[in-house]
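Report on the following structure.
Below, chains carry the letters A, B, ... as their sequence lines are ordered, and counting in each starts from 1. All values reported here derive from a predicted model rather than from experimental measurement.
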Number of protein chains: 2
Amino acid sequence: MSKADLLKLDNQLCFALYAGSRAVIRLYRPLLEKLGITYPQYLVMLVLWECSPEAINVKTLGERLLLDSGTLTPLLKRLEQSGLIERKRCLDDERARLISLTENGAKLKGKALCIPASLIKEVPLETAQFKQLRSHLQNLLNVLQSTEHK
Amino acid sequence: MSKADLLKLDNQLCFALYAGSRAVIRLYRPLLEKLGITYPQYLVMLVLWECSPEAINVKTLGERLLLDSGTLTPLLKRLEQSGLIERKRCLDDERARLISLTENGAKLKGKALCIPASLIKEVPLETAQFKQLRSHLQNLLNVLQSTEHK
DNA sequence: GGCAATTAGATTGCGGACAATATAATTGTA
DNA sequence: TACAATTATATTGTCCGCAATCTAATTGCC
């Protein structure tokens, strides 16, 4: 393949990723609207539902989602406004914020339980293909994570 | 797998896509900075370099990149400001804008030619794996495209 | 203990995404 | 040929991402 061919849009792995990611998020939107949250907010809730009733600080949350405080701080404030989370100062370390679920936030998990199945219905991929794609992507992420600090 | 397990972050195809996409875009950033453009602007340039010297209207560009005018209009204005493109009214249809490369915009392709190779060097995936992942993603996109209008 | 270096999070500013809406040109049709 | 419906783009408003910078708390080290 020539250098010029390598510049064609359809040969870009990055574009496939970028467009695919947005397309899938688009499928989530109507489902998440019923919960009153956005897609990145949903990801935060996934982490909180997983570690609940433990609280989590912003740094750890950011490491989990690969997002920084510039993104998370306003997002978390919105979730707090919505009454889904609390943002308490950590007593041991006044710099840190402990993020935890409110009762409503914990309850929302019940409503979210059906989302994965709804989505799989809309993405007509075989389970095997689905898992393969996911594991290839996770592999890609691991590889990028491990090389980006060199 | 239980319903609750399906809500775990690491089981989400969507998160793998979302985080993977951002991680790859992060790799492009320093390379594109040298060209003075952002990643979405780069995608627009890829399309223009491909169809040049033909002009393209905003609608077609949007279909190619899966972006709407709300995203493209300001982005194209910035590319115009940077002197890389022109935004002319179409004579046959005064509603449409014809987007075309300026001389500088066309010349920038020369600087961009080395980007794919630079990137591949940073993503330590075998060529075969790379192509497989890309084609899986393109398949996913096709599937989503074809079902989203039903 | 005192102070420089580090760390956690917040803030600012810019550039996307995208829904909703607006505007202006074009087309289809009675 | 009017004029309703459609189409192409632009605008507005909200919510991310992320770089750069700031503030305040903590840690390391003399």
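When the nucleotides dT9(D), dC18(D), dG15(C) are ranked by their closest atom to the side chain of Thr38(B), dG15(C) comes out on top. Checking dA17(C), dG9(C), dC18(D) against every side-chain atom of Val58(A), the shortest atom distance belongs to dG9(C). Distance from the side chain of Pro40(B) is smallest for dA17(C) among the nucleotides dA17(C), dA25(D), dT9(D).
If you check every strand for non-hydrogen atoms under 4.0 Å, Ile25(B) touches nothing.
A salt bridge does not link Arg134(A) with Asp10(B): none of the charged nitrogens is closer than 4.0 Å to a carboxylate oxygen. The pair Glu63(B)-Lys59(B) counts as a salt bridge, with a side-chain nitrogen and a carboxylate oxygen less than 4.0 angstrom apart.
Heavy-atom nearest nucleotides on DNA chain D were determined for Gln41(A) and for Asp92(A), and the one closer to the 5' end corresponds to Gln41(A).
Using a 4.0 Å cut-off, some side-chain N or O of Arg29(A) falls inside it from OP1 or OP2 of dA19(C). Considering only side-chain N and O atoms, Arg87(B) lies under 4.0 angstrom from the phosphate OP1 or OP2 of dA10(D). A sub-4.0 Å separation between OP1 or OP2 of dT11(D) and a side-chain N or O of Lys77(B) is present. Contact between the side-chain N/O atoms of Tyr39(B) and the OP1/OP2 oxygens of dG15(C) is not found at any separation under 4.0 Å. For the pair Thr71(A) and dG17(D), the criterion of a side-chain N or O lying under 4.0 Å from OP1 or OP2 is not met. Close to dA17(C), at under 4.0 Å from its OP1 or OP2, lies no side-chain N or O of Arg26(A).
A donor N or O paired with an acceptor N or O is found under 3.5 Å between the base of dA10(D) and the side-chain atoms of Ser69(B). You'll find a donor-acceptor pair under 3.5 Å spanning the side chain of Arg95(A) and the base of dT7(C), going by distance alone.
Ring pair Tyr39(B)/Tyr28(B) is tilted by interplanar angle, where 30° to 60° counts as tilted.
Rounded to an integer number of Å, the gap from CG of Leu32(A) to C1' of dC16(D) is 14 Å.
For the atom pair CG (Leu9(B)) and SG (Cys51(A)), the distance works out to 11.0 Å, reported to the nearest 0.5 Å.
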